[in-house]
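Structure below; questions to follow.
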Amino acid sequence: MGDDTLKTTLSAKHYQADQINDWCAGCGDHGILRALEKAMAKLELARDQTAVFGGIGCSGKTPYYLNVGGVHTLHGRVLSFAAGAKLANPALNVIAIGGDGDGLSIGAGHFVNSGRRNLDLLYILFNNGVYGLTKGQAAPTLRIGEKTRSMPRCVIQQHMNPIALAVISGYTWVARGYAYDVPALTDLVVAAMQHRGIAFLEVLQPCPKYNDLHTKDWYGDRLYKLSDDGYQALIAAETDAASVQQIYNEALARAAQWGELVPTGLFLQDLSKPDFRSQLAGLQPGIARRPPCQCVVTDDSGRTQIDLEPLFETLRIAADSSQT
Amino acid sequence: MGDDTLKTTLSAKHYQADQINDWCAGCGDHGILRALEKAMAKLELARDQTAVFGGIGCSGKTPYYLNVGGVHTLHGRVLSFAAGAKLANPALNVIAIGGDGDGLSIGAGHFVNSGRRNLDLLYILFNNGVYGLTKGQAAPTLRIGEKTRSMPRCVIQQHMNPIALAVISGYTWVARGYAYDVPALTDLVVAAMQHRGIAFLEVLQPCPKYNDLHTKDWYGDRLYKLSDDGYQALIAAETDAASVQQIYNEALARAAQWGELVPTGLFLQDLSKPDFRSQLAGLQPGIARRPPCQCVVTDDSGRTQIDLEPLFETLRIAADSSQT
Amino acid sequence: MLSDQRIWYAVSSIITRINSAVVKHGTENLAWRIGGPQGSGINRIARLFARACAAQGMEVICRREYHSNIMGRHSYNDVVISAQALQCHRESTDILVTFDAETLCRHVHSLKPWGFALYADADGDVGLGRLPYLDQRLRDDLNAALSAAGLPETTQGLLEMAEQRGVRTVCIPYQALLERLADQLGMVKKAVSATQNMLAVAISAALIGMPEQALLAALEQTFLGKEHIVRMNREAVAIAYNHAQQLQPHVFRISLHGQASPRLLLDGTQSVALGKLAAGMGFQSYYPISPATDESTFLEARAEVRSTRGETCGPLVLQVEDELAAINMASGAALTGARSATATSGPGFSLMAEGLGWAGMNEVPLVITLYQRGGPSTGMPTRTDQGDLLFALHAGHGEFPRIILASGDVASCFYDAAQAFDYAERYQTPVIQMLDKALTSTLQTVPVFDTAAVTIDRGAVLASSEQQPQAVERFALTASGISPRPLLGQPGTWYWSTGVEHSEWGQVSEDPVLREQMMEKRAHKLALAAAEIPLSEKLEIHGDEDAAFTIFTWGSNKGAVLDALQQLSDRGIRARAVVLRLLWPFPADAVQALLQSASPSVMVECNYSAELNSLFVQQARRGCDHLVLKYSGRPISAEALLPQLVSIQAGDAGYRNVLRNAYE
Amino acid sequence: MLSDQRIWYAVSSIITRINSAVVKHGTENLAWRIGGPQGSGINRIARLFARACAAQGMEVICRREYHSNIMGRHSYNDVVISAQALQCHRESTDILVTFDAETLCRHVHSLKPWGFALYADADGDVGLGRLPYLDQRLRDDLNAALSAAGLPETTQGLLEMAEQRGVRTVCIPYQALLERLADQLGMVKKAVSATQNMLAVAISAALIGMPEQALLAALEQTFLGKEHIVRMNREAVAIAYNHAQQLQPHVFRISLHGQASPRLLLDGTQSVALGKLAAGMGFQSYYPISPATDESTFLEARAEVRSTRGETCGPLVLQVEDELAAINMASGAALTGARSATATSGPGFSLMAEGLGWAGMNEVPLVITLYQRGGPSTGMPTRTDQGDLLFALHAGHGEFPRIILASGDVASCFYDAAQAFDYAERYQTPVIQMLDKALTSTLQTVPVFDTAAVTIDRGAVLASSEQQPQAVERFALTASGISPRPLLGQPGTWYWSTGVEHSEWGQVSEDPVLREQMMEKRAHKLALAAAEIPLSEKLEIHGDEDAAFTIFTWGSNKGAVLDALQQLSDRGIRARAVVLRLLWPFPADAVQALLQSASPSVMVECNYSAELNSLFVQQARRGCDHLVLKYSGRPISAEALLPQLVSIQAGDAGYRNVLRNAYE
Ligand SMILES: Cc1ncc(C[n+]2csc(CCOP(=O)(O)OP(=O)(O)O)c2C)c(N)n1
Ligand SMILES: Cc1ncc(C[n+]2csc(CCOP(=O)(O)OP(=O)(O)O)c2C)c(N)n1
Ligand code: SF4
Ligand code: SF4
Ligand SMILES: [Mg+2]
Ligand SMILES: [Mg+2]
């Protein structure tokens with residue numbers, strides 16, 4: 001068995017792929033990548049049992065740079081691919097990564113519907129306010145009236161609030177990190193991976209190339225940590241409905257903060273909702289024992305060993321007994 | 001001019017198309033249709049200046065039955081078609097209609113992103129908990145553990161809360177009606193059409209054919225009117241941020257109610273956000289004067305009268321002055 | 001030994017009368033049609049009737065027509081009963097069972113002159129103008145015919161007109177029968193009104209001499225576990241049989257030398273579902289859409305399959321938010337080694353174009369079951385069409401390999417579905433299995449499937465390594481174009497893959513040379529498939545192999561073509577039929593050879609633009625001499641095809657021949 | 001009168017030397033190439049240089065190659081300068097301007113033996129292993145060549161190798177020049193380092209004898225309003241010209257008999273944008289995607305267009321959430337009478353398949369500009385390809401009409417874009433205008449567009465009624481298949497429309513007869529378009545119309561074919577070129593006739609599977625005798641095409657000929 005679990009110590013370096021990285025110098029993406037490597041090392045994720053999926057955008061290139069299974073998918077569709085792999089092989093550690101355009105614009109339908117499923121995976125959204133790879137058009141996170149240097153005109157629509165949307169959509173672990181605060185971001189990734197259920201991590205990611213509004217400087221004074229503020233994000237398994245509502249309200253109020261103060265850290269962890277796998281097991285216990293990636297059963301000569309008799313039975317026309 | 005505005009009195013009957021209706025007897029859709037006809041009559045909408053767009057589903061058939069412009073679009077895409085028409089001809093009264101599968105499952109991306117645009121149209125979502133036209137599969141509004149008679153297995157995902165999603169997505173008028181309470185629903189449609197900006201109206205719509213959980217009986221005692229409860233939904237144009245947040249929180253708390261008590265009526269009307277057209281006019285004043293549907297300008301012989309000279313100017317290679 | 005009761009009458013006498021008609025039926029058969037408003041249980045009752053017939057040892061093939069509507073609009077089912085298996089429905093009918101006036105209006109014209117029309121007393125004199133769901137066009141046509149014949153514009157007029165043709169009309173006093181039933185059960189009439197269609201079926205069953213017991217057995221199997229319903233219907237059957245005695249019984253007779261061997265009675269969606277299960281499918285994501293949904297619903301309800309050793313290994317079948325999610329989730333699942341699929345119809349498939357390309361670029365073994373329905377756009381969701389072939393062939397921007405299989409009958413749906421996974425894994429590319437709505441809703445008796453024939457070929461999978469985990473090349477350049485496939489989560493390896501043009505390592509590359517190599521690698525796999533897949537899996541030849549008269553077709557038309565072929569042969573006309581199964585890579589050489597020796601050649605398709613014929617021209621450099629097309633949303637029948645073929649063979653037909661029937 | 005300064009040297013002397021080469025250039029021209037990392041301003045500076053040349057009266061045609069990356073990976077631009085308009089870039093170059101080692105490695109092989117390589121002193125001896133962005137394959141090839149020649153695996157080795165071929169290598173002390181500039185401006189060196197590429201351009205401009213003034217004028221126009229930048233670069237130009245005097249100046253000479261007439265210098269996206277504006281487009285929704293975005297961005301920034309009467313009537317150009325929204329919003333807008341469009345590339349177009357079908361079914365005049373890029377899947381977003389033709393032709397389930405136009409050069413992009421709306425409105429059907437990335441990014445001097453030639457045909461619009469508002473038939477059955485089109489919001493009328501099969505009233509209908517009529521109606525419009533559109537709008541014939549040697553092509557290859565044609569003619573080889581513009585409805589008769597008289601016939605395409613040739617076979621029942629294909633993601637040049645054509649004409653070539661160049 002070549003399983004990575006046999007290996008005792010994996011350092012962040014082990015997770016770095018030997019691949020040329022083509023992000024701009026100074027891009028927030030580099031910090032996020034560092035945090036991922038570190039978190040993987042902390043968690044000692046087996047590299048052969050881990051898969052990172054990327055959407056399309058600068059952010060979406062992340063999988064290339066990590067020494068674990070890496071799948072570069074389609075614009076807006078990363079959550080679908082990631083969910084498919086996780087459902088088919090529940091032993092995989094699955095991380096889905098995408099930009100704010102990827103996740104909130106073209107991928108918004110999957111964003112919202114993935115919250116409903118509470119599948120045990122982590123979705124990281126790189127919020128840089130722009131479409132990096134297509135040269136700086138407004139992403140849905142940019143606010144009305146804002147205009148980066150890459151845009152001919154200012155935004156005339158409301159922005160989307162990823163944290164609020166995740167909370168409302170049913171993500172059971174919702175947090176925000178900052179690309180340049182690698183230690184804190186590392187901890188968030190670790191916590192997210194330890195959460196059982198779907199985790200959403202927004203990362204504030206300066207794009208020095210196109211977004212001249214939300215720069216390192218801009219974030220500088222504004223960011224604060226929710227935990228420093230005595231904020232309570234946890235909903236324990238057996239919390240009463242009123243208290244649950246209370247915490248959701250609080251999370252949404254904090255999500256609405258932007259401007260003078262921008263909160264980071266964990267907004268919500270809801271342990272009161274069952275995760276998808278346990279729900280599925282209730283419906284179809286067999287799946288828990290034999291995951292979809294192991295459903296092919298053959299004998300030595302390659303003949304299928306699936307027994308269709310019980311199904312044939314329900315469709316069979318029995319020869320009439322009165323007939324000889 | 002055959003403009004309907006010349007006509008003084010239009011009754012609900014004038015809005016009924018002479019078309020056979022193929023919804024099931026007892027379906028909530030009938031009530032909604034009645035409310036639409038009545039609201040149109042109350043508003044005296046010019047039939048030639050009004051267009052109703054439908055998604056795909058039982059709900060999506062609504063346009064056929066109304067004596068105004070009617071466009072039966074694609075599954076999940078109704079908001080896009082409706083927005084296109086409204087943007088191109090702002091004088092049109094535009095109503096988009098779709099099912100809960102249409103709007104929250106396949107159309108969720110447009111649902112969420114349309115909130116951002118705050119375009120002056122009304123979106124009505126028929127919430128019957130199921131996919132009516134495809135025979136009763138679970139819609140995203142159905143709750144975890146629920147199983148209607150049409151489903152082989154129960155739902156194992158969280159439900160989606162349309163009101164909460166609309167609030168978070170930026171809809172500036174958000175309400176819920178009930179299909180069998182036609183008078184109240186009529187008033188809501190009237191109010192929605194009078195709102196300037198994007199209005200979202202969820203209608204609780206029993207589907208007697210497939211949804212045996214959320215029946216007339218089930219709703220019977222549970223429904224109450226927010227207005228009866230002293231609930232305040234209005235955010236005036238110049239409200240301070242804290243009060244705005246307060247009302248949003250309240251709206252979300254009410255949106256979370258379900259079970260013993262199910263609120264109906266107006267959850268939110270936010271006048272503090274500019275509507276799309278006024279924003280656009282700021283950017284491109286010409287559009288306000290001449291809408292996209294009138295951009296073709298020709299002379300008598302059909303030659304275009306668009307003057308490209310100013311644009312050519314920026315791309316022209318001037319003959320070098322030193323050259324004769 | 002045949003019991004006296006079980007001798008059914010009539011077809012032989014029909015045959016006698018048919019002889020004088022244009023079309024000679026090669027096989028004894030009886031067509032029974034029931035119609036009524038959607039939601040009134042027509043489909044269920046027709047299946048029950050079919051089951052009863054089948055249990056009597058007869059072969060049945062059933063067609064279902066319905067509107068895209070839940071309650072109220074018209075629907076109907078045909079059950080064609082025969083001793084030897086038929087492959088196709090009939091457009092005409094021998095017995096028409098109705099209990100609403102609309103059904104009478106729509107179908108009385110389709111009755112054979114010797115046929116029977118059963119109708120409710122209440123429907124005997126209804127003005128055509130009072131039937132809201134009757135299409136304006138049809139109403140106008142009927143009214144025109146009636147007034148030309150000097151008859152009133154009512155159902156009575158239509159009945160009279162039919163009688164003038166020889167049709168026997170039988171009025172059934174449903175209300176009185178229901179009252180009697182209510183009385184006997186001590187219930188109010190309204191509570192038993194749902195048995196009306198059981199009454200109708202039972203009366204017609206009695207008329208053709210079906211033993212009451214047979215019907216009751218089918219009844220019990222249909223409503224298994226629903227005691228109350230069974231009891232009610234049981235009584236209804238008794239009353240119906242009783243009533244039928246007052247009518248002239250045993251009007252039709254079928255000489256019974258039916259099957260004693262066990263068979264399955266199932267439709268196209270069920271057959272596909274079973275094939276997928278047999279192949280060990282582990283994952284199917286889908287979004288509901290007619291007519292594909294039934295397959296997934298069937299699978300969902302029966303997902304806990306077991307192996308012969310008793311392990312549960314049912315697939316995970318999941319309704320997801322849309323078709324984009326469906327195809328991409330299935331791709332994600334396939335990367336882990338799960339045999340993965342999705343099932344959809346035109347509109348959903350349109351949304352899958354991008355995901356299909358991703359699977360092609362990433363060499364993902366992915367199966368897509370495409371149930372064609374009437375297009376374009378939302379089109380006719382519950383009607384048949386074969387208008388997606390060229391789209392399926394070209395869906396997705398850019399150039400990448402795919403394999404397309406078309407299934408032609410209910411039984412092959414099973415084997416094709418199973419084999420699709422083999423092709424997908426062997427050539428590491430998406431496979432599209434195409435059906436059409438007609439096939440989907442064809443309910444048919446077929447021999448029990450031979451599961452032992454399903455052998456599984458998983459293609460080249462990378463061997464698991466015993467070493468320290470390491471990255472491996474997903475897209476190694478090999479002579480065959482096929483790179484041994486690592487799986488996500490496979491112990492000892494990880495790899496990259498991407499929809500961007502890439503190196504062997506699945507890393508982005510825009511190097512022009514590598515690009516050429518990768519394009520060539522992917523294209524090569526298709527060439528390999530074309531070379532490796534045996535001819536017998538590419539097409540079937542039926543009839544007289546040496547005949548020049550050659551009929552080409554694909555999909556559900558196969559049934560009509562085969563039945564017509566039989567009838568041609570009965571008339572002494574030599575002909576062969578070529579049914580294409582592998583549509584891509586296209587079996588160009590074989591088709592070219594067949595076309596060369598064909599005279600005349602005919603293409604039979606259920607679409608407007610003769611898509612397979614276009615493909616013939618493009619790939620085999622030659623099209624057929626004649627086209628026979630139908631694009632009304634209704635399937636082609638042998639009955640309609642035969643005269644067309646006869647006239648083609650006689651040299652009387654033009655190039656393009658459209659089959660039309662205004663009464664379907 | 002030509003000033004002394006403005007005589008450029010060299011091409012004539014090149015010509016002398018070329019005579020001995022295989023390929024004889026028919027037109028005097030000079031190819032200049034600049035390369036460097038993305039984000040370092042290469043494209044802007046190349047445009048500036050092109051503008052300077054054009055302002056001197058020369059014709060320029062420029063090519064742009066870049067990676068799908070924002071900063072760091074390699075990009076390059078070619079500017080080909082000539083006195084008479086050329087239609088195509090060159091793969092070889094005469095002057096190579098570099099200031100990084102990677103550019104040197106990638107392009108030094110493409111220099112003509114008489115060419116010049118300008119490189120930075122720092123790059124003169126860099127190990128190839130130290131260049132992270134150099135593709136492994138290329139590094140291996142270069143190293144192999146170097147070691148075979150006994151040279152070190154460094155840039156120095158490559159420079160030596162080039163010198164051995166005759167290439168003149170010129171080392172530029174950029175750092176010293178920048179220091180001087182900083183000194184002069186009283187700034188720190190870092191603050192002026194962005195002028196490095198200006199230095200490079202200016203030195204090469206000086207080398208070819210371009211007047212300093214010309215460059216300065218272009219500089220000012222490029223950085224209009226950016227005083228600071230202009231000042232800095234002005235100084236840089238001075239320093240560069242000064243430095244160039246130390247080098248051997250005026251190495252190349254072009255005899256100048258250039259244009260005095262005003263022209264535009266623009267690329268394909270800008271040309272399309274202007275065409276849309278000319279046509280009165282009112283609405284464009286889009287989602288960003290390479291290489292389509294530039295068009296929408298250009299439009300967004302210039303949306304406030306005016307009529308000659310001064311009314312503002314700019315289009316609303318809107319970035320929306322995805323391509324599904326983009327196409328469907330545009331359809332919604334089109335229903336109101338706005339001329340509506342969307343622009344996208346492969347992946348986006350894949351997502352539009354369903355919306356396209358809706359527009360087809362609803363007879364919506366909708367224009368889709370499809371910028372092809374390397375596929376499949378995400379593919380090569382910034383490289384060229386013509387792999388979407390058959391997909392565009394079949395996209396969307398079911399059968400419905402569409403019109404497909406392909407533009408072949410920068411100028412026709414304008415006229416085609418404008419006319420697309422006429423076709424769309426006349427035949428009430430979606431029109432797809434296809435370009436490819438090569439054309440998109442071709443920057444070229446063209447005669448100023450003739451706006452007066454843009455006449456507008458809005459097709460049959462329903463007359464507004466003076467009466468009480470009333471419902472009207474949207475889909476009236478007419479002889480032509482075209483129903484006068486009511487508009488949403490048109491006073492006096494309302495109507496229904498739907499993607500479901502429908503009656504004349506736009507109401508759902510599943511009637512089989514109506515279905516047939518509607519299918520026939522829609523198909524008829526396409527037949528009408530095929531009949532009405534004049535041949536001159538279907539295809540162009542260039543060269544010797546009576547020649548048998550016939551080269552067919554479409555899209556941006558037109559340029560390569562036309563230039564090659566000229567060169568064939570220079571060599572006395574008679575040939576004609578047929579450039580297809582209307583790809584659907586396919587001009588079958590015309591093509592058939594041309595194929596009949598063609599010998600040999602050649603198809604030139606930028607894809608793997610020769611898609612247009614497939615269409616020829618399918619529609620004209622005959623393909624070409626030879627294929628010349630390229631699918632490395634790079635465009636075909638006349639330079640590469642010519643020898644291929646010569647060998648085809650000589651009977652030396654096989655059927656399938658792939659153009660390859662490992663150094664693009
Ligand atoms: C279907 C489709 N549409 C459009 C594109 C073009 N595209 C590539 S990246 C991108 C946006 C990237 O923005 P974001 O998701 O915010 O990622 P970032 O680059 O900012 O990390 C777009 C629109 C595409 N690849 N596919
Ligand atoms: C792209 C696409 N996928 C699937 C369908 C099939 N379909 C038709 S209606 C429908 C769902 C209807 O449910 P809902 O939106 O809730 O409307 P309702 O019928 O309940 O009013 C579906 C999935 C379709 N028409 N198009
Ligand atoms: S464009 Fe922005 S997001 Fe993309 S790599 Fe550069 S800095 Fe980062
Ligand atoms: S299926 Fe349900 S939603 Fe559809 S018409 Fe019937 S009752 Fe109404
Ligand atoms: Mg972004
Ligand atoms: Mg619904």
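Residue numbers start from 1 in every chain, and the chains themselves are labelled A, B, ... in the order their sequence lines are given, proteins ahead of strands.
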Shortest non-hydrogen contact from B:I106 toward C:L351
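Closest heavy-atom pair between B:I106 and C:L351: CD1-CD1, 4.0 Å.
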
Testing the basics here: between C:Y287 and B:S105, what is the closest heavy-atom pair and its distance to 0.1 Å?
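Taking every non-hydrogen atom into account, CE1-OG, 3.7 Å.
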
When you compare the side chain of B:T134 with that of C:I289, does any pair of heavy atoms fall below 4.5 Å?
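A side-chain contact under 4.5 Å is absent here.
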
Stepwise side chain to side chain contact (heavy atoms under 4.5 Å, CB included) check, C:Y133 with B:D22
CA-CA 9 Å; C:Y133 281 132; B:D22 74 358; 3.2 Å; yes

NZ/B:K216: more than 12 non-hydrogen atoms of other groups inside 6.0 Å
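For B:K216, atom NZ is not crowded (no more than 12 foreign heavy atoms under 6.0 Å).
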
Contact class of B:H75 relative to chain C, heavy atoms under 4.5 angstrom
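Only the side chain of B:H75 comes within 4.5 Å of chain C.
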
Do C:N69 and B:K61 have side-chain heavy atoms sitting under 4.5 Å apart?
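Yes, their side chains come closer than 4.5 Å.
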
Proximity breakdown for C:S68 and chain B, heavy-atom pairs closer than 4.5 Å:
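Contact with chain B involves both backbone and side-chain atoms of C:S68.
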
Once rounded to the nearest 0.5 Å, what's the spacing between atom CG of B:L133 and atom OG1 of C:T382?
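Taking CG in B:L133 and OG1 in C:T382, the distance rounds to 9.5 Å.
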
C:Y286: what forms a ring pair (Phe, Tyr, Trp, His ring centres under 6.0 Å) with it, not counting sequence neighbours?
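Expected list: none.
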
Check C:Q319 against B:Q157 and note the closest heavy-atom contact, atom names and distance.
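Closest approach of C:Q319 to B:Q157, heavy atoms only: O-NE2, 3.9 Å.
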
So C:I70 and B:Y210, do their side chains get closer than 4.5 Å, heavy atoms only?
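Answer yes - side chains close enough.
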
Segment of B:C58 engaging chain C (4.5 angstrom heavy-atom cut-off)
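Contact with chain C is through the side chain of B:C58 alone.
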
Structural part of B:I56 lying under 4.5 Å from a heavy atom of chain C:
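It is the side chain, since no backbone atom gets that close.
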
Pick whichever of B:K135, B:R153, B:H72, B:M151 has the most heavy-atom pairs under 4.5 Å with chain C.
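Heavy-atom pairs under 4.5 Å are most numerous for B:R153.
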
Residue among B:I20, B:T73, B:L74, B:I156 with most heavy-atom pairs under 4.5 Å to chain C:
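Option with the greatest count: B:I20.
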
Taking CZ in C:R44 as the centre, count heavy atoms belonging to other residues, nucleotides or ligands within less than 6.0 Å. Is the count above 12?
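No, the 6.0 Å shell around CZ holds no more than 12 heavy atoms from other groups.
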
Would you sort out whether B:L104 and C:E321 count as a side chain to side chain contact (heavy atoms under 4.5 Å, CB included), showing the intermediate values?
CA-CA 8 Å; B:L104 297 171; C:E321 60 267 35; over 6 Å; no

Between C:A292 and chain B, which part of the residue has a heavy atom less than 4.5 Å away: side chain, backbone, both or neither?
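Neither part, no heavy atoms under 4.5 Å.
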
Using atom types as modelled and distance alone, determine if a side-chain donor or acceptor of C:E300 lies under 3.5 Å from a backbone N or O of B:P152.
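The answer is no, because no donor-acceptor pair under 3.5 Å joins these two groups.
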
Least distance between heavy atoms, B:C24 atom then C:M71 atom
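Closest approach of B:C24 to C:M71, heavy atoms only: SG-CG, 2.9 Å.
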
